[in-house]
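Below is one structure; the comments refer to it alone.
Quick caveat, the model's predicted, so the values are computed rather than measured.
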Amino acid sequence: MNRVTALALGKQTRRMSAEAETSIIRLLFCGPHFAAADAYTREYLQPRHPLIQVDNAPLDGVADVIGNYDMCVVKNMRLNSSIISRATKMKLIMQYGVGLEGVDIHAATTHGIKVAKIPSSITGNAASCAEMAIYLMLGLLRKQNEMESSVKKMILGQPVGETLLGKTVFIMGFGGIGFQLAKRLRPFGVKVLATKRSWDSTLQSNRGTYDDLVDEKGGLQDFHKFAQAADIVVCCLAMNSETAGIVNKSFISSMKKGAHLVNIARGGLLNYEAVLCHLKSGHLGGLGIDVAWTEPFDPDDPVFKFPNVILTPHVAGVTEFSYRSMAKVVGDVAIQLREGAPLTGIEFVN
């Protein structure tokens, strides 16, 4: 092989290597929490798709590396305009679920970046959250913390709990989770009240319409009226500027004395001082929350010291079924992105 041929082959090899490098799609997961999201997505893609690289960055390191990535899954990261401005290669920002309140969508749009969520109805996420709501409702009614205390003290027959049977449940926000919750509540023999921004007659499943699942329908104007009638209020609202802190002192005061409050949506929907005040006064009969005002949760928070409070670590949607399903959606989108195909299986918000 002469020198000219060797040089030509060297250039060709470097060019092929550079082309292979640019064809790699880099997917960034933000932060250490919800680690199964990263692991399951990586497991779904590898080893069949070696040109899709799945990485994780600590929350305080995202801004420094985001410019190297084509796609980002935010998890509980706050992507503000400053961070998004550094995402010079970014084509898609998405959530491992439905909550996008941490993403500056306007900034992403300005920089030509699409933002999307995964519809809860196709992954089992809504069903998982609905099951968690029922778990928290039953835990409050049967006094889970007091039962654990009785076991430790070797006391039988205490505490005396309540049944879900015969209760009135108010579902605040009859979206995907609210719908799945109403379906699961029917066999318990409860009365279901629900609010939704707008109701229509669209069939929600092959089993019937809203009327099969909801005894009384209302809108935003009915929040306090339904709260007065309910034994249990379940917050399933999306988090936005209109709903932040919507469960405030006025709302909780309008609830029946001794009624229970469950939140499996977002912590910021509940006003912290209002919740603490009504737990101290005894007006709030119980609080079951999978989400809190600041996350990770502060185990020393005064709210968590009450025996009628049940806390779970933001795992309502974190189940084997839902996370494997969402990993497939994220993985498929990464594959589509690399192949230049239309992005499917996700819901764009810009």
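- In this structure, the separation between CG on Asn125 and CD on Gln180 is 10.0 Å, given to the nearest 0.5 Å.
- Closest heavy-atom contact between Thr344 and Val333: O-CG2, 3.6 Å.
- Counting heavy atoms from C-beta on, the side chains of Leu92 and Ile113 never come closer than 4.5 Å.
- Ring planes of Phe170 and Phe251: tilted class, angle from 30 to 60°.
- Distance alone, capped at 3.5 Å, places no donor-acceptor pair between the Asn263 side chain and the Ile289 backbone.
- Between the side chain of Thr243 and the main chain of Ile246, no donor-acceptor pair closer than 3.5 Å is present.
- To the nearest 0.5 Å, the span separating NZ on Lys225 from OG1 on Thr195 amounts to 11.0 Å.
- Phe179 places none of its side-chain heavy atoms less than 4.5 Å from the side chain of Ser120.
- Looking at every heavy atom in both residues, Ala265 comes nearest to Val291 through O-CG1, 3.6 Å.
- Across every non-hydrogen atom of Ser23 and Arg338, the tightest pair is O-NE, 3.1 Å.
- Proximity of Phe306 to Lys280: side-chain heavy atoms (C-beta onward) are separated by under 4.5 Å at one or more points.
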**OP:** Let me see the working for His111 and Ser85 under side-chain hydrogen bond (donor to acceptor under 3.5 Å, both in side chains), right down to the final yes or no.
**Re:** CA-CA 7 Å; His111 287 85; Ser85 69; 5.1 Å; no
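- No close placement of the Tyr323 and Phe34 rings is indicated, their centers lying 6.0 Å or farther apart.
- For the pair Glu273 and Lys249, the salt-bridge criterion is not met [side-chain N within less than 4.0 Å of a carboxylate O].
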**OP:** Apply side-chain hydrogen bond (donor to acceptor under 3.5 Å, both in side chains) to Thr123 and Ser325, showing your working.
**Re:** CA-CA 5 Å; Thr123 61; Ser325 299; 5.9 Å; no
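- Other residues, nucleotides and ligands contribute over 12 non-hydrogen atoms within 6.0 Å of the CZ atom of Arg42.
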